[in-house]
Amino acid sequence: MKDTYRHKGLRRQLVETLRQKGIRDERVLQAIEAIPRHFFLDKAFEEWAYQDKAFPIGNEQTISQPYTVAYQTALLNVQKREKILEIGTGSGYQATILAALGGRVYTIERQELLYKRTTKLLAQLKIGGIRTYLRDGYKGLAEFAPFEKILVTAGAEEIPEALKNQLKVGGVLVIPVGDKVQDMYKITRLSEQEYETKKLHQFRFVPFLKGVNKEE
Ligand code: SAH
């Protein structure tokens, strides 16, 4: 896979678009400028990789729109070496952005096909700092908890208790909640028992589904 000057130029324009749409976090913008999004898309969509749009990645799933990736990543405020749990590996693009910011990323996918494909891609691209798991994200990843940050990239009907429990005190969970349209929630764990919940802007995500979907 090649990252040409043309791709780099398109990424600079994308970053400008995101700035105009209100993304202010310079570290996040730098990560988006650095990571070739076209590596994570089907060849057929390569030409459109730097538009601010979501695209199909197979199994009726999509790679999130760059604006959404930037918005969620900015809310997480990732610091170097933090343990981050991502629910919904999908293409691996969001996980790669989190790793580029210095996070140690644990990412869960429920679709076996996507899990396998993305695990292979991340290895091929030699992207370090990301571990992939075929699991049901509703349950989180108890054996590696607690996490400083947890990011859900599918639209949930409710906030899973397991994910709140797997947050470190002081940690942050970012999750879109709702049926057809989702409100972005930022939940901060203040102590063992207390959480602060902030409801933010509206987005549209593919649904957060229960159970693992094995490849036939
Ligand atoms: N972060 C992804 C966007 C993926 S779209 C990217 O950067 O490309 C959301 C993903 O969440 C889909 O791949 C979907 O299969 C997955 N998903 C939905 N419900 C899930 C669950 N319960 N556990 C794990 N993954 C889930």
Side-chain angles (χ1 to χ4, degrees), residues 14 18 28 31-32 34-42 45-46 48-76 78 84-101 103 105-122 125 127 129-142 144 147 149-164 166 173-179 182 184 203-215:
L14 172 62
L18 296 177
V28 171
I32 288 178
I35 306 296
R37 186 171 183 254
H38 65 282
F39 289 179
F40 300 86
L41 286 171
D42 200 278
F45 297 108
E46 189 180 324
W48 293 283
Y50 298 107
Q51 295 187 11
D52 189 21
K53 291 199 176 125
F55 284 104
I57 52 172
N59 282 45
E60 293 169 31
Q61 304 307 321
T62 57
I63 179 172
S64 302
Q65 186 182 341
Y67 175 77
T68 306
V69 171
Y71 183 96
Q72 289 198 299
T73 309
L75 283 179
L76 285 180
V78 176
I84 306 176
L85 175 64
E86 182 199 18
I87 315 291
T89 310
S91 67
Y93 177 68
Q94 171 75 74
T96 301
I97 296 282
L98 296 172
L101 290 166
V105 183
Y106 297 73
T107 182
I108 307 183
E109 175 56 56
R110 67 177 288 281
Q111 302 265 14
E112 186 169 22
L113 204 84
L114 288 176
Y115 158 76
K116 283 191 176 160
R117 204 173 70 196
T118 299
T119 303
K120 203 167 122 196
L121 175 72
L122 294 171
L125 296 174
I127 294 171
I130 304 177
R131 305 195 207 180
T132 57
Y133 300 86
L134 177 65
R135 297 286 182 89
D136 177 3
Y138 264 93
K139 302 196 178 99
L141 207 55
F144 296 109
F147 296 94
K149 306 286 159 68
I150 301 180
L151 174 61
V152 178
T153 68
E157 280 171 27
E158 67 210 336
I159 300 167
E161 276 304 308
L163 298 186
K164 286 170 74 176
Q166 290 176 25
L173 163 65
V174 171
I175 178 169
V177 185
D179 186 9
Q182 292 85 33
M184 194 68 77
F203 289 84
R204 264 172 217 276
F205 282 83
V206 296
F208 190 0
L209 301 170
K210 289 194 177 157
V212 165
N213 184 18
K214 292 270 181 193
E215 200 176 27

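For ligands, and for the atoms within them, numbers begin at 1 and follow the listed sequence. The model shown is predicted, which means the values in this text are computed figures rather than measured ones.
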Item checked: R110 side chain near F208 side chain, heavy-atom distance below 4.5 Å -> no
Check: Which residue and non-hydrogen atom of the protein lie closest to atom 19 (N) of ligand 1, and at what distance in Å?
Finding: L209 N, 3.0 Å
Checklist line | Sub-4.0 Å atoms of ligand 1 with respect to non-hydrogen atoms of V206 | finding: 5 (S), 9 (C)
Notebook entry, point to check: With only distance considered, is S64 within less than 3.5 Å of ligand 1 through an N or O on each side?
Noted result: no
Checklist line | From CG (L141) to CG (D136), nearest 0.5 Å | finding: 11.5 Å
Next item on the list: Would you mind listing which atoms of ligand 1 come within a distance below 4.0 Å of any non-hydrogen atom of I108?
Entry: 24 (C), 25 (N)
Item checked: Any side-chain heavy-atom pair of V174 and M184 under 4.5 Å -> yes
Next item on the list: Would you mind running through ligand 1 and noting each atom that sits below 4.0 Å from a heavy atom of S91?
Entry: 6 (C), 7 (O), 8 (O)
Item checked: Residue, atom name and distance, where the atom is the protein heavy atom closest to atom 26 (C) of ligand 1 -> R110 CG, 3.5 Å
Checklist line | Minimum heavy-atom distance between Q61 and V206, given as atom pair plus value | finding: OE1-CG2, 3.1 Å
Note to self: Which of the numbered atoms in ligand 1 are under 4.0 angstrom from any heavy atom belonging to Q111?
What the structure shows: 15 (O)
Next item on the list: May I ask you to identify the nearest protein heavy atom to atom 12 (C) of ligand 1, giving residue, atom name and distance to one decimal place in Å?
Entry: Q61 OE1, 3.2 Å
Check: Can you tell me if Q65 uses its side chain to pair, donor with acceptor, with the backbone of A54 under 3.5 Å?
Finding: no
Next item on the list: Classify the angle between the aromatic ring planes of Y106 and F144 as parallel (below 30°), tilted (30 to 60°) or perpendicular (above 60°).
Entry: tilted
Check: By number and element, which atoms of ligand 1 are closer than 4.0 Å to a non-hydrogen atom of T153?
Finding: 1 (N), 2 (C), 3 (C), 4 (C), 5 (S), 9 (C)
Item checked: For P207, atoms of ligand 1 separated by under 4.0 Å from a heavy atom -> 18 (C), 19 (N)
Notebook entry, point to check: Between R135 and ligand 1, which part of the residue brings a heavy atom under 4.0 Å of the ligand: side chain, backbone, both or neither?
Noted result: backbone
Next item on the list: Taking the side chain as every heavy atom from C-beta outward, state whether V177 and V152 have any pair of such atoms under 4.5 Å apart.
Entry: no
Checklist line | Residue, atom name and distance, where the atom is the protein heavy atom closest to atom 7 (O) of ligand 1 | finding: Q94 N, 3.1 Å
Margin query: Looking at every non-hydrogen atom in both residues, tell me the closest pair between F39 and L121 and how far apart they are.
Written below: O-CD2, 3.7 Å
Item checked: T132-T89 side chain donor-acceptor pair, cut-off 3.5 Å -> no
Next item on the list: Enter the distance from E157:CD to Y138:OH here, rounded to the nearest 0.5 Å.
Entry: 5.5 Å
Margin query: Please list, in number order, the atoms of ligand 1 under 4.0 Å from a heavy atom of T89.
Written below: 1 (N), 2 (C), 6 (C), 8 (O)
Check: Taking only heavy atoms of L114, which atoms of ligand 1 are found under 4.0 Å from at least one of them?
Finding: 13 (O)
Notebook entry, point to check: Which protein non-hydrogen atom lies closest to atom 4 (C) of ligand 1, naming both residue and atom, and how far is it?
Noted result: T62 O, 3.3 Å
Check: Relative to each other, are the rings of Y50 and H38 parallel, tilted or perpendicular (30° and 60° limits)?
Finding: perpendicular
Note to self: If I compare all heavy atoms of E86 with all of T107, which pair ends up nearest, and what's the gap?
What the structure shows: OE1-OG1, 2.8 Å
Margin query: How far is atom 10 (C) of ligand 1 from the closest protein heavy atom, and which atom is that?
Written below: G88 CA, 3.6 Å
Check: Taking N or O atoms only and a 3.5 Å limit, does D136 qualify as a polar contact for ligand 1?
Finding: yes
Next item on the list: For atom 23 (N) of ligand 1, grab the closest protein heavy atom and report residue, atom and distance to one decimal in Å.
Entry: G137 N, 2.7 Å
Note to self: Tell me the protein heavy atom at minimum distance from atom 13 (O) of ligand 1, and give that distance in Å.
What the structure shows: E109 OE1, 2.8 Å
